[in-house]
There are 2 protein chains.
Amino acid sequence: MTLSEENYLKTIYHLTAASGSEVSTNAIAEKMETKASSVTDMLKKLSDKDWVNYKKYQGVSLTQKGLLAAKMIVRKHRLWEVFLVDKLQFAWDEVHDVAEQLEHIKSEQLINRLDDFLGNPTKDPHGDPIPDRSGKVIAIEKVLLSEVLPGQDCQCVGVKDSSAAFLKYLDNNKIALGTQIKMLSEEEFDLSLKIEIEQRQIVISHKIASNLYVKLI
Amino acid sequence: MTLSEENYLKTIYHLTAASGSEVSTNAIAEKMETKASSVTDMLKKLSDKDWVNYKKYQGVSLTQKGLLAAKMIVRKHRLWEVFLVDKLQFAWDEVHDVAEQLEHIKSEQLINRLDDFLGNPTKDPHGDPIPDRSGKVIAIEKVLLSEVLPGQDCQCVGVKDSSAAFLKYLDNNKIALGTQIKMLSEEEFDLSLKIEIEQRQIVISHKIASNLYVKLI
DNA sequence: CTCAGATTTTTTGCTAGCCAAAGATACGAT
DNA sequence: ATCGTATCTTTGGCTAGCAAAAAATCTGAG
């Protein structure tokens with residue numbers, strides 16, 4: 001499988017997870033910053049090789065084989081992210097680009113030994129689940145902070161947006177995975193939220209809250 | 001720089017080190033298992049970009065810029081080999097193919113942090129020197145075992161051939177980096193050598209001895 | 001010096017991946 | 001139902017990388 005094919009499979013996997021159904025040509029083109037015509041080209045190739053189910057004008061979905069392949073790429077990406085953060089002291093906003101490269105290294109032995117070396121982690125530095133070597137993914141129950149009701153206690157477990165800008169904002173505000181958060185109140189006008197973190201009350205925008213996953217406690 | 005360009009630079013570097021002078025198109029083609037026509041194509045590109053000095057029919061050599069780039073690729077290759085052996089329990093005959101992939105990952109931060117994580121090693125698992133982050137290479141004094149005189153004590157410090165077959169032979173005969181070897185005698189007929197390793201006398205062929213580097217003690 | 005053989009370069013043609021433009025299809029509004 | 005628009009596919013063409021074959025160049029023996 002070529003590097004380009006792997007990137008398409010991964011993108012389709014993420015878009016499918018987000019939408020729950022078939023993915024459109026344009027959605028793929030936008031996400032990959034390429035043109036729809038290029039996507040159509042590739043979808044035909046992937047379909048010929050039985051990685052995806054593709055019907056003209058109808059969108060695309062992964063086959064069983066394609067789904068497993070995509071999960072293995074995600075597995076590699078997230079394990080490398082753990083390596084970078086846990087072992088090489090990268091910050092969680094610095095790992096994405098390097099992991100994008102490392103995820104294409106082909107060696108089952110390598111990735112399984114890396115998995116063991118890291119202690120078989122189940123989540124990456126952003127809280128996303130790491131598929132195990134058979135492809136199984138253990139999803140964690142999580143809710144967007146923007147949906148939590150006043151008075152509720154919760155704990156930060158993940159981010160929806162993992163851009164460096166957002167992650168740096170969280171660092172600056174001392175919000176990390178595992179941080180306890182108490183929802184205090186919502187401002188009706190702009191949907192901003194007052195929350196309490198470690199005896200500290202702060203106000204965060206709706207945009208921030210709708211990109212932060214928490215679990216209720 | 002593309003993956004293909006990196007592989008050419010690395011090959012030219014190794015061939016230059018071995019021959020000491022300009023490298024021929026055919027020598028590169030043979031080493032890379034490709035055709036001379038492909039090599040000529042690439043040499044023109046590399047020359048346009050000022051990585052190599054190239055004159056038609058005259059062979060090729062690295063520019064200052066090309067030499068540094070080649071050393072950085074070798075640095076990455078060897079550091080990843082150390083990682084695979086020291087941290088992931090790979091055997092020294094298993095690391096080459098994976099390191100060939102990992103050497104192309106582009107991130108100066110990654111490679112320098114990996115270097116620190118590994119304790120700034122100066123040699124890879126086969127005894128070859130690792131260029132430091134400025135490109136400096138500390139060559140170790142070494143001699144082929146086939147050139148050692150009878151009665152001489154020495155210590156294994158590297159291999160010339162690092163194929164899996166040769167490395168496995170050394171494993172089977174309990175020869176590793178650091179192993180003490182005493183040269184006993186040479187058989188005139190086939191140049192085979194009798195040596196002593198840890199109170200054990202064995203006979204090795206000339207071919208083996210001429211692929212094993214030692215330092216005299 | 002000349003020419004045969006070896007080496008190197010050029011030519012030609014293939015595949016992968018990408019894109020612009022043009023044509024085909026789907027779908028909502030009327 | 002059909003029209004208009006948004007979306008998707010096809011066509012044709014581009015570049016990079018690779019290789020077989022032909023042409024050019026070099027080299028050494030005589």
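In the text below, chain A, chain B and the rest are named by the order of the sequence lines, each starting its count at 1.
A close approach under 4.0 Å does not occur between any side-chain nitrogen or oxygen of B:Thr40 and OP1 or OP2 of C:dT10. Applying the 4.0 Å criterion to OP1 and OP2 of C:dG17, one finds that A:Thr34 has every side-chain N and O outside that range. Distances shorter than 4.0 Å separate some side-chain N or O of A:Lys56 from OP1 or OP2 on D:dT10. Contact between the side-chain N/O atoms of B:Lys44 and the OP1/OP2 oxygens of C:dT9 is not found at any separation under 4.0 Å. Contact between the side-chain N/O atoms of A:Tyr54 and the OP1/OP2 oxygens of D:dT9 is found at a separation under 4.0 Å. The phosphate of C:dT8 has OP1 or OP2 within less than 4.0 Å of a side-chain N or O from B:Ser24. Here A:Ser4 does not reach the OP1 or OP2 of C:dA16: none of its side-chain N or O atoms lies under 4.0 Å away. The side chain of A:Asn26 places no N or O atom within less than 4.0 Å of a non-bridging phosphate oxygen (OP1 or OP2) of D:dA6. Between B:Tyr57 and the phosphate of D:dA23, there is no side-chain N or O to OP1/OP2 separation shorter than 4.0 Å.
If you measure from atom CD of A:Glu5 to atom C1' of C:dG17, you get 10 Å, rounded to the nearest angstrom. Remark: C1' of D:dA19 and CD1 of B:Ile28 are 17 Å apart, rounded to the nearest angstrom. Look at CG on A:Asp41: it is 13 Å from P on C:dA20, rounded to the nearest Å. Distance CD (A:Gln58) to P (D:dT7): 16 Å, rounded to an integer number of Å. One interatomic measurement links the two molecules: CG of A:Leu9 to P of C:dG17, which rounds to 12 Å at whole-angstrom precision. Rounded to whole angstrom, the span from the CG atom of A:Leu43 across to the C1' atom of C:dC18 amounts to 14 Å. Distance B:Leu3 CG to C:dG17 C1': 16 Å, rounded to the nearest Å. Taking atom CG of residue B:Asp48 and atom P of nucleotide D:dG17, one finds them 13 Å apart after rounding to whole Å.
For the residue pair A:Ser163 / A:Asp161, a side-chain donor-acceptor distance below 3.5 Å is found, with atom types taken as modelled. Between the side chains of B:Asn26 and B:Ser24, not a single donor N or O lies within less than 3.5 Å of an accepting N or O.
At least one test fails for B:Lys87 against the ring of A:Phe83: distance under 6.0 Å to the centre or angle within 45° of the axis.
Checking B:His96, B:His104, B:His126 one by one against B:His77, the ring pair (Phe, Tyr, Trp, His ring centres under 6.0 Å) holds for a single residue, B:His96.
Here A:Ser38 lies in heavy-atom contact (under 4.0 Å) with a base. Across all strands shown, B:Ser37 has heavy atoms under 4.0 Å from base atoms, whether or not it also approaches the sugar-phosphate.
Ion pairing of B:Glu22 with B:Lys55 is absent here, as no side-chain N (NZ or NE/NH1/NH2) approaches a carboxylate O to less than 4.0 Å.
Annotation: of the two residues near DNA chain D, B:Lys35 and B:Lys45, the 5′-most nearest-nucleotide partner is B:Lys45.
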